[in-house]
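A quick write-up on the structure given underneath.
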There are 2 protein chains.
Amino acid sequence: MEGQLPETTGTQPGTPVGSAGRALQLGRRPTMRDVAAVAGVSLKTVSRVVNGEPGVSSTLGRRVRDAIDELDFRPNIGARSLRRAGGRTATVGLLLEDVSNPFSSTLQRAVEDVAIPRGVMVFTASLDEDPQRERELTRAFSARRADGLIIAPASDDQSYLESEVRAGTAIVCIDRQARRLAVDSVLTTNVDGSKAGVRHLIEQGHRRIAFLGDRHDITTAQQRYEGYLQALAEAGLPVDTGLVLSDLTSQALAQAAAVQLLEQPDPPTALFTAQNLVTIGVARALRHLKRERRVAVVGFDDFPLADLLDPGITVVAQDPTAIGRLAATVLFDRIGGNDSPPTTHVVPTRLIPRGSGEIGPQKNLTA
Amino acid sequence: MEGQLPETTGTQPGTPVGSAGRALQLGRRPTMRDVAAVAGVSLKTVSRVVNGEPGVSSTLGRRVRDAIDELDFRPNIGARSLRRAGGRTATVGLLLEDVSNPFSSTLQRAVEDVAIPRGVMVFTASLDEDPQRERELTRAFSARRADGLIIAPASDDQSYLESEVRAGTAIVCIDRQARRLAVDSVLTTNVDGSKAGVRHLIEQGHRRIAFLGDRHDITTAQQRYEGYLQALAEAGLPVDTGLVLSDLTSQALAQAAAVQLLEQPDPPTALFTAQNLVTIGVARALRHLKRERRVAVVGFDDFPLADLLDPGITVVAQDPTAIGRLAATVLFDRIGGNDSPPTTHVVPTRLIPRGSGEIGPQKNLTA
DNA sequence: CTGTTAGCGCATTCAG
DNA sequence: CTGAATGCGCTAACAG
């Protein structure tokens with residue numbers, strides 16, 4: 001059978017050059033049939049070798065492997081999943097708020113670290129708090145037959161995903177609870193974390209503590225506000241709505257709001273910021289006002305270099321790595337067939353004192 | 001051949017419940033045949049509607065669309081690409097050094113912003129400077145028939161990708177030039193940027209300028225070192241190899257190296273750091289030594305909050321957004337059929353003075 | 001305008 | 001241990 005293709009170039013056993021042997025036409029990928037032809041076996045034998053199935057003699061196995069190397073054959077996973085029972089594609093989709101935000105990118109890395117060792121590839125996309133984008137992208141991932149989806153929801157209603165769930169797609173929501181859809185969620189302890197952060201400020205003696213948050217229509221923002229309210233209530237402190245600012249959707253807005261807040265008569269002596277971009281904007285404002293050592297700040301969600309600022313920013317740190325790892329683990333568990341009732345998993349926060357949150361109440365310095 | 005996927009939008013106005021009409025068996029997705037059966041037309045007519053092909057009466061079109069909504073049908077892109085001429089999957093792969101690094105994640109976001117509007121989804125993965133991982137992941141993406149690959153190479157030889165290129169996969173290398181493979185590259189002006197940064201320090205009067213870099217086997221690190229050498233040479237300054245530290249592969253290592261460097265007799269008066277994690281480690285070291293206002297620092301590659309440190313860190317900023325956008329544009333151009341000779345595109349750096357780089361040479365303060 | 005036939009690359013079922 | 005036939009979901013090339 002060796003003489004089938006006498007034009008075989010002198011591939012001496014010692015030249016691992018490989019792959020340049022039998023050139024296929026440009027733009028066409030070698031298929032199992034090509035491999036079978038080169039190895040002089042049937043297509044099915046190639047399939048067995050490729051999938052590590054038993055029942056192939058070592059001689060034929062070797063011939064097939066050589067042919068695969070020579071042609072640089074790659075099995076077409078799309079075609080495979082079309083025929084295979086279960087139709088798994090070994091891909092999952094990850095929908096984040098914005099991959100360029102450190103919270104999201106750390107989480108992404110954690111998901112990747114669970115997926116890749118299992119041979120699963122990850123589609124990633126950013127939602128930018130846009131509900132329509134959430135629908136379009138889940139649809140696009142679904143069209144590619146992702147086995148599972150990890151979603152940080154931008155919309156407040158995931159019922160449109162019911163048909164995906166019914167079709168067998170595993171879904172895990174992160175950061176925000178799934179709404180109107182019975183799937184697993186992995187969440188941060190927003191209320192408790194926020195409460196602990198505000199309580200920390202109260203313990204330093206503050207009584208006028210401002211709340212600065214991002215979009216108030218987001219569940220997490222509401223929960224963090226709830227924690228703020230609870231901490232004040234437990235300490236018997238009144239809520240001054242003049243000290244509550246929401247919808248600070250950018251660093252610049254947060255910065256401007258903080259300046260305005262601190263320049264009014266009888267300003268707060270401490271600020272609780274409910275999101276990392278808000279925290280950074282506020283840090284900028286304090287720096288400009290040269291009051292970073294006179295006004296206390298505790299921020300929700302850690303960020304790189306928070307410890308290197310002067311003073312360091314005290315934060316209620318989330319654990320995006322833990323969230324991503326847990327979400328991915330739960331997802332693969334579901335893909336693996338676990339069909340117990342959906343669960344909400346919770347990842348605790350941690351208060352990290354760094355200086356800014358340990359500043360006591362200072363005299364009013366407004367001009 | 002665009003990657004456009006003219007999918008129909010679901011959910012009739014008025015019935016947000018949706019899709020519960022004709023229940024299919026659990027775990028099975030509706031196919032075009034199911035849609036055809038419900039609509040009472042042939043499979044091909046459904047195909048026409050789904051792909052927006054002309055030649056369908058409005059009556060039938062409507063019936064088909066209703067059936068699609070009722071069943072919540074999603075075309076199977078894998079199956080489609082199997083049959084379609086060109087076999088495009090409307091997916092691309094993005095291989096980065098580490099998605100949790102701000103340089104990578106910003107670049108990722110830029111790629112996404114070019115891909116998503118075209119209906120193309122993005123696989124992402126981190127390489128961690130591991131050449132074998134590079135090979136395994138390109139292989140995995142290839143098995144999923146990605147139309148194109150954007151790679152920040154971890155290995156120094158991409159010739160193993162030749163068969164992919166021959167098979168029609170578009171490839172663009174970023175950050176580091178492709179080696180032994182004729183494909184497009186999108187690079188930063190490492191030598192010139194680095195040279196400008198060091199020259200900036202020389203202009204402040206420094207004559208003893210240290211170089212701190214990460215893994216020296218990486219091309220970009222070598223180029224940045226080359227820029228350092230050129231700047232010194234042009235100023236007629238000698239190279240003191242005692243001031244050249246490489247292979248600082250972590251923040252901690254960089255920090256320790258900087259401390260050691262600055263505590264030796266006759267320490268450098270200025271530091272040029274060739275990578276962002278090195279820069280941050282060095283900033284930490286200076287903070288600990290309380291010498292952040294006495295030792296000048298210019299870092300290669302910007303990072304978030306560099307401006308908020310005290311003093312702000314002067315950097316030679318790369319433009320990851322421009323790199324990502326350009327790489328994606330070139331990639332889609334290739335996927336679109338452009339087969340002109342491979343080109344190396346270059347994205348310039350920009351020196352951003354923020355304080356740390358404008359410190360003049362100070363007296364030796366070692367104990 | 002609509003439908004039929006064939007086959008993409010592969011795994012499954014069943015026969016040797 | 002090996003292989004031939006069948007069809008996954010879909011589109012291309014052709015009929016009507």
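A note on names: the letters A, B, ... follow the listed sequences, proteins ahead of strands, and every chain is numbered from 1.
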- Message: Just the rounded figure in Å: distance from P of D:dC1 to CZ of A:Arg63.
- Response: 16 Å

- Can you tell me the distance, in whole Å, between the NZ atom of A:Lys44 and the P atom of D:dG7? 17 Å

So, does [X] use its side chain to make a donor-acceptor pair with the main chain of [Y] at under 3.5 Å?
| X | Y | value |
| --- | --- | --- |
| A:Arg144 | B:Ala90 | yes |
| A:Gln108 | A:Thr124 | no |
| A:Arg83 | A:Ala79 | no |
| A:Gln158 | A:Arg179 | yes |
| B:Arg176 | B:Pro153 | yes |
| B:Glu97 | B:Asp128 | no |
| A:Glu134 | A:Ser155 | yes |

- Message: OP1 or OP2 of C:dT4 versus the side-chain N and O atoms of B:Ser42: is any pair under 4.0 Å?
- Response: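 No.
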
- Item | Side-chain N or O of A:Thr45 closer than 4.0 Å to phosphate OP1/OP2 of D:dT2 |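 No, outside the criterion.
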
- To the nearest 10 degrees, how far apart in direction are the end axes of the helix from C:dC1-D:dG16 to C:dG16-D:dC1, each fit to five base pairs? 40°

Please write out each protein N/O paired with an N/O of nucleotides 8-10 of chain D under 3.5 Å, distance rounded to 0.1 Å.
{"unit_1": "D:dG9", "atom_1": "N2", "unit_2": "B:Ala79", "atom_2": "O", "d": "3.3"}
{"unit_1": "D:dC10", "atom_1": "OP1", "unit_2": "B:Asn76", "atom_2": "N", "d": "2.9"}
{"unit_1": "D:dC10", "atom_1": "OP2", "unit_2": "B:Met32", "atom_2": "N", "d": "2.6"}

- Message: So A:Val50, base contact, sugar-phosphate only, or nothing? Heavy-atom distance under 4.0 Å.
- Response: nothing

- Query: Charged N to carboxylate O under 4.0 angstrom, B:Arg65 versus B:Asp69?
  - Reply: no

- Look at B:Arg28 together with B:Asp34 and state whether they make a salt bridge at an N to O cut-off of under 4.0 Å.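 Yes, B:Arg28 and B:Asp34 are salt-bridged.
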
- Note on the structure: When rounded to the nearest 0.5 Å, the distance separating OG1 of A:Thr89 from CG of A:Asp147 is 3.5 Å

Distances under 3.5 Å between nitrogen or oxygen atoms of protein and nucleotides 14-16 of chain D:
none

